[in-house]
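Worksheet: one structure, shown below.
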Amino acid sequence: MNSVVLVGFMGSGKSTVGPHLAQRMDRPFVDLDDLIEAEAGRSVTEIFSSEGEAGFREREARCLARALQRSGSVVAVGGGAPMRDENWVRIRDGNCVVALIAEPHELARRLNGSTDRPMLTPGAPSVIAELLPRRLPRYLEADVVITTDGIDPAEVAQQIHDRLAGSGLQRIRIDVPGASHEVTVGAHLTGVVAASLRRLFPSPSGGGQGGGAPTVVVVTDDVIAERHGRPLLDELASAGLAARWHLVPSGEPAKELAVLAGIYEALAVAGVDRRGGLIALGGGSVGDVAGFAAATWMRGIRYVQMPTTLLAMVDSSIGGKTAINLPAGKNLAGAVHQPSAIFCDLDYLATLPDEEYRAALAEVIKAALIAERSFADWLAANMARVLRRDASSVREAVTRAIAIKVAVVARDPNETGERALLNYGHTVGHAIERVVGFGGIRHGEAVAWGMEVAARISRLVGACTPESVETQHALLRDAGLLADRPAVSHAKLIDAMRHDKKSQSGDPRWVLLRDIGRADDDQRVDPSIVRTVLSEVLPE
């Protein structure tokens, strides 16, 4: 996480808990009111007196931006600061937000006799009664909510520290027009997920028709349900959500028409309407079919991605592409339907088999190759640590790969241009999957061989240097992705490429490597060059 930001009503304990928490976390403590007073050269009360609340809020927003430019702090902000939307976006951007909550009578007791809070006029009880109901929903959107009634500030700080320890929470915003959302990366995220879903799927304020908690169907397979299901269901229940399972097959068999029909039936039985939604808990196949169901049920309902595999975290969960397979090809029936949120809990990777984990590194390497040379250099230096799943290295690799894909998706959410760069290695990779049979080879392994072909083609057509090809080869080799060469017919591969959804009139379009960290999309390649490279990389 960058900084820990404490929010809450006046008297909730931010200024007293903050120093204790900063000491435990070995971080500097920043009280936003202190910054405002230092900038103005006078007290908050005097600012209100001379500039009014509007003037104070402008100073507050300016000082908040300055405080959050320095990462790695514990920052306590005023009770009204989160209510301005631009402030809230800034508070949440890459930071962990902790809300301190207390009952109204406790707040009134703590604030009794206070003379340095201009917002308390005409008196604590009436101000609390007026402002707290308006502000509380925003506070409850925090990542962690802590009740401070009757608890010593040092103990509250310890509770926060215990909740945050080892989480390494990072948040990446995806600015898709009309469907902006966030990717949250970290460990021990179940509580964060529940708190966020309470905001995404709010219960109605009243009873009557349509009352009651919204229904959420969790689509997953039986292996994931057994490993990770109970903690999630418990947290969702504590957040006031009515959640139920719907199990689908593991892997590519989940992406069949019959499975999709089963999800529709589950949504109908559960009575899911547009207030409810879906949670896709699992790998890429679960995310694809559940997302497609969400895109088409009632012409579109909300859904949340909770990827449990490395491949899904860095690739398929991001971008809103949903699909099922047909006999005619992979992912031919689909829709672009952005999730409401994505949660990448790195704890889930602990039980991922080595073969799946290693194969997924192809997508991590691909991200570096097409967009960020410094990331490729980092991977070359840290591949051994990533392979043994060193926690900080995994977090770094996952976060940087996600950030690359997020940037591309934000610029081309509907896959009409630049987003095609993400298909580097996939022209041949998808063809290998189709020829071998869906599920017969891991996606990442197929894409790795596809990148080998694409890089060799790039060199032959003069798009990149031999050194770039060798750099890519070393990364894939060191990740263990080139150990087993698939035995495939070149004629069948070429035929499969002609049927790829990115082909135009049967003519495959290629993403070619220009340099490490740079690629070009929508490239035509002479078929004779393709055949030559296939003979070099994948001899029959």
Side-chain angles (χ1 to χ4, degrees), residues 96-101 136-137 139-149 151 156 158-169 171 182 184-204 211-248 250 263 266-267 269-272 275-283 286-287 290 294 302-309 312-313 317 339-352:
C96 181
V97 187
V98 178
L100 304 184
I101 303 297
L136 187 59
Y139 301 153
L140 292 178
E141 295 178 21
D143 301 306
V144 177
V145 178
I146 299 287
T147 300
T148 66
D149 295 88
I151 305 176
V156 174
Q158 188 62 49
Q159 288 185 23
I160 298 171
H161 184 266
D162 292 344
R163 292 278 295 274
L164 299 182
S167 69
L169 186 147
R171 191 179 289 106
E182 295 172 334
T184 301
V185 182
H188 324 308
L189 294 185
T190 308
V192 174
V193 171
S196 298
L197 294 189
R198 180 171 50 204
R199 171 175 57 88
L200 294 172
F201 301 104
S203 296
T215 300
V216 177
V217 172
V218 182
V219 178
T220 189
D221 61 49
D222 55 356
V223 175
I224 298 300
E226 183 176 351
R227 287 177 181 169
H228 308 299
R230 180 47 54 190
L232 176 61
L233 282 185
D234 290 345
E235 288 287 351
L236 293 176
S238 71
L241 293 167
R244 60 177 68 189
W245 295 119
H246 177 71
L247 300 181
V248 298
S250 299
I263 297 175
L267 292 169
V269 170
V272 173
R275 290 192 304 111
L278 280 174
I279 297 175
L281 176 68
V286 168
R302 291 169 296 180
Y303 77 110
V304 169
Q305 290 274 15
M306 291 186 64
T308 59
T309 67
M313 289 181 186
S317 68
S340 297
I342 305 168
F343 298 96
C344 299
D345 193 329
L346 302 179
D347 285 348
Y348 291 159
L349 299 182
T351 57
L352 193 66

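Values in this document were obtained by computation on a predicted structure and should not be read as measured data. Nothing fancy with the numbering, it's 1 onward along the sequence.
- Looking at Leu236 and Val218, their side chains come closer than 4.5 Å, going by heavy atoms from C-beta outward.
- A search for side chain to side chain donor-acceptor pair (under 3.5 Å) contacts involving Arg302 returns nothing, not counting sequence neighbours.
- Interatomic distance, OG1 of Thr351 versus CD1 of Ile224, reported as 6.0 Å (0.5 Å rounding).
- The CG atom of Leu233 sits 11.0 Å away from atom OG of Ser238, with the distance rounded to the nearest 0.5 Å.
- Listed here is the closest heavy atom pair of Ala239 and Ala194: CB-O, 3.6 Å.
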| said: Using side-chain contact (heavy atoms from CB on, under 4.5 Å), reason through Phe343 and Ile279 one step at a time and then give a plain yes or no. | reply: CA-CA 11 Å; Phe343 298 96; Ile279 297 175; over 6 Å; no
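- A donor-acceptor pair is defined here as one N or O able to donate and one able to accept, closer than 3.5 Å; no such pair exists between the side chain of Asp143 and the backbone of Cys96.
- For Met313 against Tyr348, the heavy-atom pair with the smallest separation is CE-CB, 4.5 Å.
- Checked options Asp221, Val219, Thr220; the residue passing with Leu247 is Thr220 (criterion: side-chain contact (heavy atoms from CB on, under 4.5 Å)).
- Taking both residues in full, the closest heavy atoms of Thr147 and Ile151 are given as O-CD1, 3.3 Å, listed atom of the first, atom of the second, then distance.
- Nearest heavy atoms, Ala312 versus Gly282: CB-O, 4.3 Å.
- For the pair Thr308 and Arg227, the minimum side-chain heavy-atom distance is 4.5 Å or more.
- Summarising the geometry of Gln305 relative to Ser317, their closest heavy-atom pair is CG-O, 3.8 Å, with the distance given to 0.1 Å.
- No side-chain donor-acceptor contact under 3.5 Å links Thr215 to the backbone of Ala242.
- If you take CD on Glu226 and NE2 on His228, they are separated by 10.5 Å, rounding to the nearest 0.5 Å.
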| query | Can you list the steps and then say if Val286 with Val248 is a side-chain contact (heavy atoms from CB on, under 4.5 Å)? | reply | CA-CA 8 Å; Val286 168; Val248 298; 4.0 Å; yes
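- Atom-to-atom distance recorded for Leu200:CG and Glu141:CD is 9.0 Å, nearest 0.5 angstrom.
- For the pair Arg171/Val192, no side-chain contact is recorded, criterion being any heavy-atom separation below 4.5 Å from C-beta on.
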| task | Give the intermediate values and the outcome of side-chain contact (heavy atoms from CB on, under 4.5 Å) for residues Val193 and Met306. | result | CA-CA 9 Å; Val193 171; Met306 291 186 64; 3.9 Å; yes
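- Val145 approaches Tyr139 most closely through the heavy-atom pair CG2-O, 4.4 Å.
- With sequence neighbours left out, the side chain to side chain donor-acceptor pair (under 3.5 Å) criterion links Thr148 to Arg110.
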| said: Using side-chain contact (heavy atoms from CB on, under 4.5 Å), reason through Cys344 and Leu189 one step at a time and then give a plain yes or no. | reply: CA-CA 8 Å; Cys344 299; Leu189 294 185; 5.7 Å; no
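- In this structure, Ile101 and Leu136 have side chains that are in contact, with non-hydrogen atoms separated by less than 4.5 Å.
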